[in-house]
Amino acid sequence: MRMSQMFGKTLRDDPSDADTAGHRLLIRAGLVAQVAAGVYSYLPMALRSMRKIENIIREEMNAAGAQEVLMPVIQPVELWRQSGREEAFGPTLLHLNDRRERQMVLAPTHEEAVTDLARRHVRSYRDLPINLYQIQTKLRDEARPRAGLIRVREFHMKDAYSFDTDQDGLDVAYDKMVQAYWNIFRRSGLDVVAVEADSGAMGGSDSQEYMLLADTGEDELVNCPACGYAANVERARSRYAPAPDTGEPNDIEIIDTPNMTTIAELAEFLSIEESQTLKAVFYVHDGEFIFVAIRGDLDVNEVKLANALGGGELRLASDEEVKAAGIVAGSASPVGIDNVRKLGDLSATQGANYVAGANDAQKHFRNVNHGRDFQLDDVIDIAKAEEGHGCPRCDEGTLNFSRGIEVGHVFKLGTKFSEAFSANYVTQDGEEKPMFMGCYGIGVGRLLGAAIESRHDDEGIIFPASIAPYDIHLVSLNPGDEEIASAADEVYNSLTSAGLEVLFDDRDESAGIKFSDADLLGMPLRVTVSRRSMRDGRNAELKLRSRDRDSATIVPIVNAVQEARGLLNELSGAN
RNA sequence: CGGGGCGUAGCGCAGUUUGGCAGCGCGCCGCGUUCGGGACGCGGAGGUCCCCGGUUCAAAUCCGGGCGCCCCGACCA
């Protein structure tokens with residue numbers, strides 16, 4: 001491609017409304033153009049990169065035995081009512097009416113469509129297992145699009161869906177997809193890690209997310225350097241120090257704690273550890289007031305809590321609601337409050353002789369013990385993993401915290417959708433049973449955005465070779481010089497006819513502009529033909545984007561193809 | 001959805017406080033010089049000052065309403 005002909009220009013200045021480095025580079029390099037909040041046009045270079053990502057995905061999906069299909073973006077709302085997800089998605093689901101006033105939706109994902117498809121075509125266990133995938137547009141009216149391609153409202157996703165006769169079959173299908181995912185991320189040249197994930201509104205059992213580590217990532221992750229345990233904080237378990245050993249339960253007593261409303265104040269006032277206190281947090285879940293007790297030094301993980309409550313709307317209770325429940329905020333007590341539903345974290349039931357509120361702004365109880373002094377309606381693990389907590393899986397590790405961008409997510413759905421849609425098959429015994437499903441997604445555009453977010457320097461993008469729009473950025477300097485121009489053309493032709501993909505900067509621009517643009521655009525290999533390179537014979541200069549300026553090498557033009565290949569191979573080996 | 005910010009040429013911005021010729025840099029077009037890390041000279045084009053309404057002799061500027069975009073949070077398969 002000759003750059004003089006290419007659509008999409010680089011910008012000299014950073015766009016004012018881009019915050020993250022990746023977003024800035026996407027705009028400055030002329031890869032995308034914003035149309036509305038979270039809605040983008042993809043220009044030629046971005047599209048080339050996305051096509052390469054898609055092809056890697058396609059090859060790995062096909063190799064894993066999945067078959068490509070294409071399902072509609074526009075779907076009758078009835079499908080979504082049947083699964084119950086019209087409500088679950090809420091305003092994120094885009095609705096529209098067709099000319100006959102039939103209610104339609106624009107699909108944010110395709111579990112409904114694919115389950116409907118499978119139930120029409122699968123009759124018998126002989127038709128299973130199958131795995132269907134597509135690479136296709138999704139629409140989600142996100143409340144807050146952000147960071148360029150990281151969270152958008154219209155995007156391309158590869159989504160695959162497996163159908164099996166039973167849980168064992170699902171486990172096999174899931175493991176195959178997991179393996180395919182590792183292949184995809186390895187081939188794309190990106191450092192992706194897998195973490196245990198919350199399965200959210202998708203439901204189902206096992207779920208893993210694939211995360212590209214980046215400080216600007218939306219997700220907080222923990223990992224154990226000792227045993228490799230890794231999880232999204234939403235889901236993470238952790239091991240924390242037990243409360244101080246206070247021996248056998250002592251008699252409960254009431255003590256004065258004038259105007260102590262926070263755990264920190266209380267612990268200091270009494271000269272005890274925060275872990276020797278119990279605190280209470282109040283939520284409203286689908287309209288019901290919920291009292292949650294947890295050890296004073298821990299925090300509630302709201303995602304875990306919401307899951308324990310079986311989904312639905314969960315929010316912190318307002319001051320008025322707390323008061324209306326007859327509770328004194330800041331000194332709330334699990335003791336003697338029996339008119340509301342009381343939940344507790346595991347920590348509240350371990351240890352003894354806690355200090356807890358007395359439901360009086362001036363007083364607390366000492367020596368409060370679970371079972372004797374208060375009961376809980378449910379005891380669950382809802383503590384949030386914190387800095388300093390130990391690994392829940394091994395005894396050695398302390399959890400590390402980092403941030404990441406979710407680029408893939410796999411779920412074991414089980415029979416959630418197949419039961420809702422009566423997507424059944426007939427067993428060998430002639431019995432009708434629901435299919436076991438799994439679903440597996442990768443955001444193509446997000447992967448591109450995340451790649452740029454994680455692979456750049458001050459000058460610009462550093463594309464992994466396998467997903468770079470072009471292999472080579474050929475720069476011709478002194479284009480007014482006949483000899484140089486024809487040598488550059490010759491290099492362009494020989495590289496191109498050797499099957500290499502070349503972006504040829506044939507513009508009449510200064511060396512500074514051309515080199516800066518080459519750095520900004522980030523192709524893996526830069527080849528320069530100029531008076532200087534031709535000074536001692538017909539030579540070209542080769543330089544890898546990921547290396548320093550002085551690492552450039554001069555090679556004879558007749559060897560350019562071979563030398564370029566060598567450097568590119570070296571690079572993909574290093575990926 | 002709550003909080004904050006912004007909207008003036010393709011991009012980045014000044015001008016708004018105190019109403020009075022719509023400006024600067026980059027980019028773009030033409031000519032010439034220059035030519036390995038964002039060169040220079042001369043000439044030129046480019047505007048619904050987000051939209052609607054109001055006040056005023058006069059509105060980018062003041063008032064009312066609306067829309068859009070960005071950031072923080074809530075939400076997020």
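Because only heavy atoms are used, hydrogens play no part in the values below, and waters and symmetry mates are left out as well, while side chains stay in. To find a chain, count down the sequence lines: A is the first, B the second, and so on, and within it residues start at 1.
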What is the distance, to the nearest angstrom, from the [atom1] atom on [X] to the [atom2] atom on [N]?
{"X": "A:D17", "N": "B:rG12", "atom1": "CG", "atom2": "C1'", "result": "11 Å"}
{"X": "A:E142", "N": "B:rC76", "atom1": "CD", "atom2": "C1'", "result": "5 Å"}
{"X": "A:D505", "N": "B:rC35", "atom1": "CG", "atom2": "C1'", "result": "14 Å"}

For a quick test of reading the model, state the closest non-hydrogen atom pair linking [X] to [Y] and the distance between them.
{"X": "A:T528", "Y": "A:F515", "answer": "OG1-CE2, 3.6 Å"}
{"X": "A:A564", "Y": "A:L495", "answer": "CB-CD2, 4.1 Å"}
{"X": "A:D14", "Y": "A:R28", "answer": "OD1-CD, 2.8 Å"}
{"X": "A:A147", "Y": "A:D19", "answer": "CA-OD1, 4.2 Å"}

Applying the Watson-Crick and G-U wobble criteria at under 3.5 Å, what pairs with [N]? Answer none if nothing qualifies.
{"N": "B:rC1", "result": "B:rG73"}
{"N": "B:rC21", "result": "none"}
{"N": "B:rA9", "result": "none"}
{"N": "B:rC31", "result": "B:rG41"}
{"N": "B:rG64", "result": "B:rC52"}
{"N": "B:rA59", "result": "none"}

Classify the nucleic acid contact of [X] as base, sugar-phosphate or nothing, counting any heavy atom under 4.0 Å across all strands shown.
{"X": "A:T92", "result": "nothing"}
{"X": "A:A37", "result": "sugar-phosphate"}
{"X": "A:D517", "result": "base"}
{"X": "A:F155", "result": "base"}
{"X": "A:D13", "result": "base"}
{"X": "A:D159", "result": "nothing"}
{"X": "A:A18", "result": "nothing"}
{"X": "A:R535", "result": "nothing"}
{"X": "A:A107", "result": "nothing"}
{"X": "A:P91", "result": "nothing"}
{"X": "A:Q34", "result": "sugar-phosphate"}
{"X": "A:S16", "result": "sugar-phosphate"}

Taking the minimum atom-to-atom distance to the side chain of [X], which one of [options] wins?
{"X": "A:N478", "options": "B:rC72, B:rC35, B:rC28", "answer": "B:rC35"}
{"X": "A:R526", "options": "B:rG36, B:rC70, B:rA74", "answer": "B:rG36"}
{"X": "A:D519", "options": "B:rC76, B:rC35, B:rG37", "answer": "B:rG37"}
{"X": "A:R532", "options": "B:rG37, B:rG36, B:rA39", "answer": "B:rG36"}
{"X": "A:E509", "options": "B:rC28, B:rG36, B:rC70", "answer": "B:rC28"}
{"X": "A:E541", "options": "B:rG73, B:rG36, B:rG37", "answer": "B:rG36"}

Is there a side-chain contact between A:L503 and A:M6 (heavy atoms, below 4.5 Å)?
-> yes
N or O in side chain of A:S530 less than 4.0 angstrom from B:rG36 OP1/OP2 = no
Distance between P atoms of B:rU61 and B:rG25 (Å, rounded) | 25 Å
Please confirm whether A:Y440 and A:Y181 have ring centers closer than 6.0 angstrom.
-> no
